[in-house]
Amino acid sequence: MRNAKEIIARRVALELRDHSLVNLGIGLPTLVASYVPVGISVAFQSENGIIGFGAPPPEGMESPHLTDAGGGFISALPGAASFDSVTSFALIRGGHLDMTVLGGLQVDASGRLANWVIPGKIVPGMGGAMDLVAGAKRVVVAMQHTDRGKPKIIEKLNLPPTSARRVSLVVTEMAVIEPTDEGLRLLERAPGVSVDEIVASTGAKLLIDGEPPVMPIVSAENAA
Amino acid sequence: MRNAKEIIARRVALELRDHSLVNLGIGLPTLVASYVPVGISVAFQSENGIIGFGAPPPEGMESPHLTDAGGGFISALPGAASFDSVTSFALIRGGHLDMTVLGGLQVDASGRLANWVIPGKIVPGMGGAMDLVAGAKRVVVAMQHTDRGKPKIIEKLNLPPTSARRVSLVVTEMAVIEPTDEGLRLLERAPGVSVDEIVASTGAKLLIDGEPPVMPIVSAENAA
Amino acid sequence: MQDCISPEKAAAMIPDGASIMFGGFLGVGSPDRVIDALVARGARGLTIIGNDTAMPTRGVGKLIEAGCVAHVKASHIGTNPTTQKKMITGELEVELVPQGTLAERIRAGGCGLGGILTPTGVGTVVAEGKQVIEIDGASFLLERPLRADFALLRAHEADHFGNLTYRLTAANFNPVMAFAANCVIAEPDEIVPVGVIPPDAVRTPGVLVHHLVRRVQ
Amino acid sequence: MQDCISPEKAAAMIPDGASIMFGGFLGVGSPDRVIDALVARGARGLTIIGNDTAMPTRGVGKLIEAGCVAHVKASHIGTNPTTQKKMITGELEVELVPQGTLAERIRAGGCGLGGILTPTGVGTVVAEGKQVIEIDGASFLLERPLRADFALLRAHEADHFGNLTYRLTAANFNPVMAFAANCVIAEPDEIVPVGVIPPDAVRTPGVLVHHLVRRVQ
């Protein structure tokens with residue numbers, strides 16, 4: 001069985017649309033870039049100022065002027081465009097970003113996301129997360145279903161929200177859940193995971209229409 | 001005797017400061033560029049998107065992509081910078097423009113300028129004039145003292161104002177006048193023009209401290 | 001970027017009554033081939049947004065001359081007597097916007113801002129009907145975002161991804177308009193392969209451009 | 001542009017207690033030589049404004065490590081444990097601002113806007129104490145302009161007039177900060193004669209730059 005993060009990344013990759021602009025958050029979301037389906041052309045944005053970046057360059061060929069939003073060295077693909085922070089967030093806030101994939105600490109029954117701070121712990125700062133959730137056309141949360149056994153999908157956030165806006169989709173290693181006006185709808189279950197197991201690991205009411213289908217994921221053979 | 005426009009342009013040229021950024025309005029103000037004093041380095045901005053433009057190029061060498069705000073062909077000087085309209089007005093509105101020289105229809109006792117529309121006549125539109133008056137560090141009005149014998153400097157504007165902001169200086173072929181908290185102060189008179197003549201041609205009260213000095217102007221020999 | 005189309009195809013995509021942003025400053029940097037195609041197809045009832053209405057035989061002036069336009073939002077119409085005439089007869093509705101405010105309103109529309117606060121126009125006719133907000137003792141007009149159905153841009157180079165460059169003062173309103181319309185059509189002087197425009201030279205990322213107008217025949 | 005100065009002269013011009021905008025994103029595109037000179041002269045009580053506080057041994061992180069800083073306005077401090085530690089002990093005051101809001105606030109400060117209306121932060125702690133304005137049924141925070149006494153920029157090329165270029169993701173906050181400070185000091189990788197940077201490649205016009213930091217010795 002594949003590990004949780006890989007399942008999540010492979011499922012999220014199926015949300016990628018042809019000719020779209022996508023921003024991947026640091027950490028788990030970054031893995032999604034490894035599973036872009038064949039035939040799908042996606043432009044990835046890094047909010048520090050580039051569209052069209054690729055894998056780290058060979059050792060010794062890194063440019064000190066070219067990194068991703070996590071500070072790691074990257075390469076630029078042919079056709080890349082670089083720009084300043086004002087332009088980068090004009091793209092994000094102006095609705096030009098088709099999708100953002102972000103990690104999550106909690107999602108609640110109203111579809112609100114908390115992912116930037118745990119009171120009493122270290123305060124990293126929101127970085128670009130609040131703008132991404134406010135501005136992207138689709139916000140996909142890629143996170144593990146529970147944290148040390150405790151549900152991360154709960155009735156009401158007890159961590160500070162990242163935005164008042166409802167996210168578009170939540171993908172975990174157990175399920176795909178869509179926040180709607182009526183509540184959290186269970187769309188898919190992971191291979192080998194039962195609805196009962198999902199319900200038991202979820203701290204909010206799920207809307208379930210019969211037996212949800214098994215989550216498709218990008219297979220190794222289909223990834224570009 | 002030189003004509004009125006030339007006197008005005010030569011006097012306004014003395015307001016140019018070294019290392020400054022200046023925008024000249026269309027018409028009379030444009031003449032100022034011909035009389036930059038020796039030793040003074042001024043960067044001229046054209047609000048359609050360039051700093052550092054020069055005289056029209058030789059016949060046949062015009063670029064269709066390089067004109068001034070009046071649509072006339074210009075050349076670019078070494079070190080010129082081109083930019084879009086958003087950046088151009090960020091420079092203007094953000095206080096980066098040291099001086100603008102604009103034509104005027106009327107200036108009133110409070111120092112407000114009207115220069116963009118005559119109700120009942122053709123409506124050209126304000127173009128960049130309202131932004132220039134609101135944003136430039138110094139606003140110098142370069143205009144003839146009267147219009148067909150009627151004063152253009154009057155107690156209260158009867159044309160729509162360009163801005164609520166007070167202009168910095170008014171230069172005519174008869175006088176140099178500074179709007180202040182107390183009112184319009186007569187600073188200088190043109191060569192051969194008496195204070196009585198100025199007062200007779202002015203429709204607003206002038207503050208006069210003794211006999212004002214004669215207007216200095218950039219002589220042909222001093223122009224760069 | 002999706003595809004590369006003819007000026008006629010571009011003109012056919014734009015329905016009568018559409019709102020369109022046009023790059024250009026007195027005709028410099030304006031998408032002339034699509035304008036000609038709009039005239040040729042006899043477009044009607046357009047709302048055009050741009051700095052000015054150029055001259056009767058240049059840039060968007062041709063659209064006004066040909067009777068394609070119902071509404072104009074511009075900072076200046078003084079160079080086009082036809083605009084003036086049609087405004088007086090009521091054939092054309094004209095809204096005048098200060099040039100810097102026009103640029104910022106389009107920018108706000110394109111980058112997701114609900115509005116901007118500008119000192120320009122306070123105490124003038126431009127302020128009529130608008131909210132004035134005091135910040136630290138200074139007065140600002142609350143100006144609203146502007147968007148359009150289409151943006152028609154003139155670029156210098158485009159690559160196969162739609163990345164654009166502009167040339168000198170022909171940039172003017174083009175780069176900001178690329179953000180502010182539902183459909184962005186760019187008319188470049190030249191189309192070059194991907195990689196010919198270096199990343200730092202790109203002034204409009206290709207992700208903002210929906211269609212390129214094909215090369216000059 | 002006025003003159004070309006050493007990093008030490010730049011550091012000497014900046015008094016203790018000054019507010020300074022720093023270009024840079026996790027240390028990439030940050031004015032490292034002036035930062036080193038500020039550390040060397042033992043600057044104190046600085047307010048630093050920028051995207052992040054980098055790492056303890058990189059970019060503005062060095063200033064925090066050396067105790068030069070009293071206030072931080074940034075979007076992210078998670079990569080610098082020293083910032084975290086000093087914030088907890090009260091040695092450092094930290095204001096967190098969403099990254100896009102930080103960029104727009106600096107832009108507003110630099111281009112004469114009284115403020116901007118952004119959807120970012122509505123319904124979060126960021127909204128506390130701020131005016132919420134409804135526009136066409138949507139809620140926006142009124143965010144105020146940001147300016148500083150100094151902007152310290154890292155550029156790629158500068159010409160003798162101070163015209164600047166930037167390189168790839170090293171541009172980040174540098175171009176916008178050039179508009180928003182009373183004194184702008186740029187530290188280029190290379191200084192070239194006037195005319196070497198073509199007008200369309202200039203990303204910060206030299207009229208915005210007060211001092212260049214002289215070439216690397």
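Every chain is numbered from 1, with letters handed out A, B, ... down the list of sequences.
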(message) What part of T101(D) gets within 4.5 angstrom of chain A, counting heavy atoms only: side chain, backbone, both, or neither?
(response) both
(message) Within this structure, what is the OG-CZ distance for the pair S75(D) and F89(A), rounded to the nearest 0.5 Å?
(response) 7.0 Å
(message) Among P98(D), G78(D), A170(D), A54(D), which residue has the highest count of heavy-atom pairs closer than 4.5 Å to chain A?
(response) P98(D)
(request) State the OG-CZ distance between S88(A) and F25(D), to the nearest 0.5 angstrom. (result) 8.0 Å
(message) To the nearest 0.5 Å, what is the distance between CZ on R165(A) and OG1 on T124(D)?
(response) 14.5 Å
(request) Please flag which part of T87(A) lies under 4.5 Å from any non-hydrogen atom of chain D: side chain, backbone, both or neither. (result) neither
(request) Heavy-atom distances under 4.5 Å only: say whether V94(D) touches chain A with side chain, backbone, both or neither. (result) neither
(request) Would you mind checking which part of A69(A) comes under 4.5 Å of any heavy atom in chain D, side chain (CB onward), backbone (N, CA, C, O), both or neither? (result) both
(message) Please check if the number of heavy atoms outside K205(A) that lie under 6.0 Å from its NZ is greater than 12.
(response) no
(request) Taking atom CD of E59(A) as the centre, report whether more than 12 heavy atoms of other residues, nucleotides or ligands fall under 6.0 Å from it. (result) no
(message) Any non-hydrogen side-chain atom of H76(D) less than 4.5 Å from a side-chain atom of M126(A)?
(response) no
(request) Pick whichever of G127(A), G125(A), A164(A) has the most heavy-atom pairs under 4.5 Å with chain D. (result) G127(A)
(message) Heavy-atom pairs under 4.5 Å with chain A - which of L96(D), N174(D), N51(D) has more of them than the others?
(response) L96(D)
(message) Using heavy-atom distances under 4.5 Å, tell me whether L26(D) contacts chain A through its side chain, its backbone, both, or neither.
(response) side chain
(request) Output the option from Q99(D), E104(D), R203(D) having the highest count of non-hydrogen pairs under 4.5 Å with chain A. (result) Q99(D)
(request) Would you mind checking which part of M55(D) comes under 4.5 Å of any heavy atom in chain A, side chain (CB onward), backbone (N, CA, C, O), both or neither? (result) neither
(request) Return the minimal non-hydrogen interatomic distance between V176(D) and D84(A), and the atom names on each side. (result) N-OD2, 4.3 Å
(request) Look only at the side chain of R93(A) and the backbone of G100(D), and say whether a donor-acceptor pair between them is shorter than 3.5 Å. (result) yes
(request) Look only at the side chain of Q84(D) and the backbone of V123(A), and say whether a donor-acceptor pair between them is shorter than 3.5 Å. (result) yes
(request) State whether the number of non-hydrogen atoms from other residues, nucleotides or ligands found under 6.0 Å of R138(A) atom CZ is greater than 12. (result) yes
(message) Quick check on D52(D) against chain A: is it the side chain, the backbone, both or neither that has a heavy atom closer than 4.5 Å?
(response) neither
(message) At a 4.5 Å cut-off on heavy atoms, which part of R107(D) comes close to chain A: side chain, backbone, both, or neither?
(response) side chain
(request) Give a yes-or-no answer on whether the side chains of T120(D) and D131(A) include a donor-acceptor pair shorter than 3.5 Å. (result) yes
(message) Has T169(D) got a side-chain atom pairing as donor or acceptor with N48(A)'s backbone, closer than 3.5 angstrom?
(response) no
(request) Name the region of P161(A), side chain, backbone, both or neither, that has any atom closer than 4.5 Å to a heavy atom of chain D. (result) both
(message) Quick one, W116(A) and V125(D) - any side-chain contact, counting heavy atoms below 4.5 Å?
(response) yes
(message) I'd like to verify something: which residue of N80(D), V97(D), L102(D) has the highest number of heavy-atom pairs under 4.5 Å with chain A?
(response) V97(D)
(request) For the residue pair N172(D) and F83(A), establish whether any side-chain heavy-atom pair is separated by less than 4.5 Å. (result) no
(message) Let me confirm one number: the OG-OH distance from S82(A) to Y166(D), rounded to the nearest 0.5 Å.
(response) 13.0 Å
(request) Identify which part of I92(A) has an atom lying under 4.5 Å from any heavy atom of chain D, answering side chain, backbone, both or neither. (result) neither
